[in-house]
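All remarks here apply to the structure that follows.
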Amino acid sequence: MASILDEYEDSLSRSAVLQPGCPNVAIPHSGYVNAQLEKEVPIFTKQRIDFTPSERITSLVVSCNQLCMSLGKDSLLRIDLGKASEPNHVELGRKDDAKVHKMFLDHTGSHLLIALSSTEVLYVNRNGQKVRPLARWKGQLVESVGWNKALGTESSTGPILVGTAQGQIFEAELSASEGGLFGPAPDLYFRPLYVLNEEGGPAPVCSLEAERGPDGRGFVIATTRQRLFQFIGRAAEGAEAQGFSGLFAAYTDHPPPFREFPSNLGYSELAFYTPKLRSAPRAFAWMMGDGVLYGSLDCGRPDSLLSEERVWEYPEGVGPGASPPLAIVLTQFHFLLLLADRVEAVCTLTGQVVLRDHFLEKFGPLKHMVKDSSTGQLWAYTERAVFRYHVQREARDVWRTYLDMNRFDLAKEYCRERPDCLDTVLAREADFCFRQHRYLESARCYALTQSYFEEIALKFLEARQEEALAEFLQRKLASLKPSERTQATLLTTWLTELYLSRLGALQGDPEALNLYRETRERFRAFLISPRHKEWLFASRASIHELLASHGDTEHMVYFAVIMQDYERVVAYHCQHEAYEEALAVLSRHRDPQLFYKFSPILIRHIPRQLVDAWIELGNRLDARQLIPALVNYSQGGETQQVSQAIRYMEFCVNVLGETEQAIHNYLLSLYARGQPASLLAYLEQAGASPHRVHYDLKYALRLCAEHGHHRACVHVYKVLELYEEAVDLALQVDVDLAKQCADLPEEDEELRKKLWLKIARHVVQEEEDVQTAMACLASCPLLKIEDVLPFFPDFVTIDHFKEAICSSLKAYNHHIQELQREMEEATASAQRIRRDLQELRGRYGTVEPQDKCATCDFPLLNRPFYLFLCGHMFHADCLLQAVRPGLPAYKQARLEELQRKLGAAPPPAKGSAQAKEAEGGAAAGGPSREQLRADLDELVAAECVYCGELMIRSIDRPFIDPQRYEEEHLSWL
């Protein structure tokens with residue numbers, strides 16, 4: 001297997017030589033196996049454009065997906081690469097022998113400048129076909145143009161910079177508007193700004209780049225054959241604030257800063273790398289005689305744009321001699337040099353050649369190479385062919401290069417989406433930090449790798465770096481999944497052991513006090529960390545054992561609080577007799593179950609404080625659960641013990657409104673033992689209704705009897721409505737109390753009289769107090785002197801009863817007079833009734849022939865009828881039908897029975913003798929027909945159906961019977 005893996009790695013290294021990009025370095029991977037199933041696409045892929053020019057290509061530029069090339073000396077071909085099938089040919093209209101020297105296309109692809117060898121310049125706009133000469137530019141051989149990326153639009157270039165072969169830098173502005181024959185010229189102005197010099201005098205301006213920083217400052221970089229100049233400054237205030245005149249005016253008295261190199265190609269070229277369109281450039285590459293000056297561009301620096309500069313020498317065989325570079329383009333991590341027969345790509349990080357792409361001789365020598373910043377595509381051409389390079393995943397192997405340079409942050413940045421590569425970088429960084437004795441950083445990196453856990457742990461143990469090992473374990477613990485419980489238990493236990501051992505070693509050493517405190521804070525931070533909370537909770541039992549084995553009671557309590565294991569905390573305080581601390585924990589966390597468990601212990605030592613805590617919690621505690629603790633505590637019988645129990649029970653009853661019988665019974669027992677004076681007040685406050693008291697009456701009676709509280713017993717008897725027992729017991733205490741009990745059965749006069757007789761007998765026989773006995777007669781009107789006389793002894797004289805006997809006789813006389821008056825009133829009432837009956841017999845009503853039934857509205861005299869005093873008249877059958885639904889069920893049954901008997905009874909006889917016989921037979925066999933008719937009239941015609949109670953009772957009945965509602969509803973449709 002090892003030989004197979006070796007061969008696989010060798011094959012990867014051999015294929016890397018053919019793969020364009022940064023050089024590959026064999027790095028062992030940990031925890032990952034990568035199988036390359038498909039051949040990786042090269043970074044730079046060349047493609048020949050299927051295009052055969054009609055004439056030789058003299059120049060080519062590309063920008064914003066717009067390609068322009070000059071063919072021969074008088075033809076221009078423009079191609080929108082988005083519509084490549086629609087090329088546009090434009091004739092330059094030149095009759096002389098002038099050739100195209102260079103072409104320049106702005107960043108929008110809209111403005112094209114064609115510099116001719118005859119020192120003339122032509123302008124062509126993207127949206128026009130007309131080639132317009134720039135008169136103001138005549139006489140200048142243009143070598144470079146610095147476009148204004150901030151202000152340039154499709155219709156105007158804004159202020160731009162123009163460099164010439166004579167070393168002059170001009171400022172100009174072009175407009176695309178065409179105003180006809182007499183319209184304005186496209187070149188709005190063309191004025192000189194500066195002259196670049198080398199040792200021999202003015203030198204051609206080979207490259208020009210203009211940028212504007214985020215703070216509003218302007219930057220211009222211009223190159224000659226051997227020098228690179230920088231112009232930095234702010235634009236002048238006023239009408240020309242957008243131009244470059246103010247920036248160059250600052251260098252009229254002194255030359256700008258520049259970099260100079262001795263060798264000379266006869267030309268130079270500057271290339272920028274811009275990550276995104278219309279963003280600031282990030283890097284530059286200057287192709288000159290000594291090599292390529294490469295560096296970063298930092299617009300925030302006050303004195304120079306260039307930073308991190310480095311000169312990369314040309315590859316072997318390239319240089320000012322036989323094979324000079326013709327052009328340069330810059331990508332994110334490479335610059336590409338164009339030679340006459342090939343293209344070479346050099347990594348900007350290492351300076352190594354990663355690509356040599358030779359071109360066939362049949363296409364002719366290469367002329368130039370340009371880059372389209374909007375798409376990132378590279379274009380190279382010969383006189384007879386055009387080639388395009390695609391750049392794909394250029395940063396794929398950059399991480400390896402940064403890794404070799406020990407620039408681990410950049411290496412991680414460029415392999416963040418490749419876990420295997422990231423693991424390799426982290427492992428290398430961890431090893432590097434370990435060798436540099438930066439153990440904490442090493443531990444953090446190791447924790448992110450897939451390296452073997454045991455190997456890393458042993459490395460730190462061998463180096464005696466417990467702190468770094470703890471850091472490694474903590475980070476490993478944080479990365480565990482919820483399902484990895486076993487690993488989490490192991491790591492949390494190990495970490496706890498490490499911290500405890502460290503704290504034990506430092507404790508007691510005065511020189512290490514600060515280190516001890518720092519370690520303690522880290523340990524506590526580990527215990528309270530939200531990331532570790534789940535694992536610590538799962539391992540809390542083993543951690544408590546470790547804390548106990550080390551004797552670290554401080555952290556044992558601290559950990560228990562964090563885990564919300566307050567039971568353990570309270571138990572610890574109780575074991576160490578710190579009862580107030582235990583109560584403070586209970587009061588802070590308000591757990592009822594903990595109160596129930598520890599109250600029996602705490603009430604023995606801090607009863608008042610505990611009862612205060614109970615009262616503060618209020619109805620969150622179940623007082624029934626606390627009764628056992630109070631019972632055990634109050635068994636001693638001391639006044640303080642009983643008073644605290646009574647205080648809490650009174651709070652439950654009076655404030656919380658507890659109705660539980662057990663609570664009220666216990667409060668009764670406490671009153672009976674400790675506060676007898678409050679017992680009767682409590683019973684009276686509870687009331688005299690047996691259904692409303694919350695204590696057990698029988699238990700209360702037994703309790704009061706056992707402790708000799710007779711008045712309380714009397715009250716309980718009264719609540720039980722055992723008035724005879726109440727009076728009997730009250731007579732042993734107080735006669736007035738017995739009198740109060742005797743008056744309680746108000747509805748039972750016989751019982752009241754009996755109770756008062758008991759009191760009278762007790763007063764006469766036990767106390768021998770005649771005056772009190774006479775007072776009893778006055779207090780109870782039910783008692784008479786004759787009821788009390790049997791209780792007196794024979795030797796008592798009548799003088800004691802004189803007043804009572806006289807009062808009794810007067811009462812009898814008054815009663816007789818009342819009866820006589822009632823009899824007279826009854827006689828008068830009977831006479832009035834007889835007189836009313838005589839008057840009723842003579843009353844009559846008149847029925848007219850046109851009168852109709854109040855129900856059916858038919859003539860009344862056609863059938864039997866009823867006439868009521870109110871004036872309403874009904875047919876007999878109509879009245880029966882109207883009254884029947886309002887009668888109760890038993891009356892309806894009686895009505896049916898009477899109708900049945902009337903139908904079966906014989907009709908009345910015409911003769912008097914026959915009538916007497918029929919009447920006599922009816923008397924012998926049942927009620928007569930007249931009696932049945934009278935009973936029927938009493939049921940049906942007792943009152944008018946419209947004016948009597950029947951109408952009032954039917955007020956909530958609907959007008960339409962619900963059973964006939966649908967039928968009635970349909971009849972109206």
Heavy atoms from other residues, nucleotides or ligands near CD of Glu309 exceed 12 (cutoff 6.0 Å):
yes

When you look at Phe460 and Tyr446, which way does the side chain to side chain contact (heavy atoms under 4.5 Å, CB included) test go after all the steps?
CA-CA 11 Å; Phe460 289 115; Tyr446 275 130; 3.9 Å; yes

In terms of relative ring orientation, are Tyr251 and Phe231 parallel, tilted or perpendicular, with 30° and 60° separating the classes?
perpendicular

Can a salt bridge be assigned to the pair Glu344 and Arg342 using a cut-off of 4.0 Å between side-chain N and carboxylate O?
yes

Polar side chain donor-acceptor pair, Asp357 to Tyr389, under 3.5 angstrom:
yes

Let's go through Phe335 and Phe284 carefully: what are the C-alpha distance in whole Å and the side-chain angles of both, what is the deciding distance for ring pair (Phe, Tyr, Trp, His ring centres under 6.0 Å) to 0.1 Å, and is it a yes or a no?
CA-CA 10 Å; Phe335 60 82; Phe284 76 97; over 10 Å; no

I'd like to know if the side chain of Lys149 and the backbone of His107 have a donor-acceptor N/O pair within less than 3.5 Å.
no

For the pair Phe408 and Phe432, evaluate ring pair (Phe, Tyr, Trp, His ring centres under 6.0 Å) and give the outcome as yes or no after the intermediate values.
CA-CA 10 Å; Phe408 302 109; Phe432 178 79; 5.5 Å; yes

Counting only N and O atoms by type, is there a donor-acceptor contact under 3.5 Å from the side chain of Gln226 to the main-chain atoms of Phe261?
yes

Please evaluate residues Glu497 and Ser501 with respect to the criterion side chain to side chain donor-acceptor pair (under 3.5 Å), reporting the C-alpha separation (whole Å), side-chain torsions for both, the decisive distance (0.1 Å), and the verdict.
CA-CA 6 Å; Glu497 177 65 29; Ser501 300; 3.1 Å; yes

Ring-face cation of Arg310 near Tyr294 (centre distance under 6.0 Å, axis angle within 45°)
no

Of all residues at least two apart in sequence or in a different chain, which pass the salt bridge (charged side-chain N to carboxylate O under 4.0 Å, His left out) check with Glu518?
Arg522

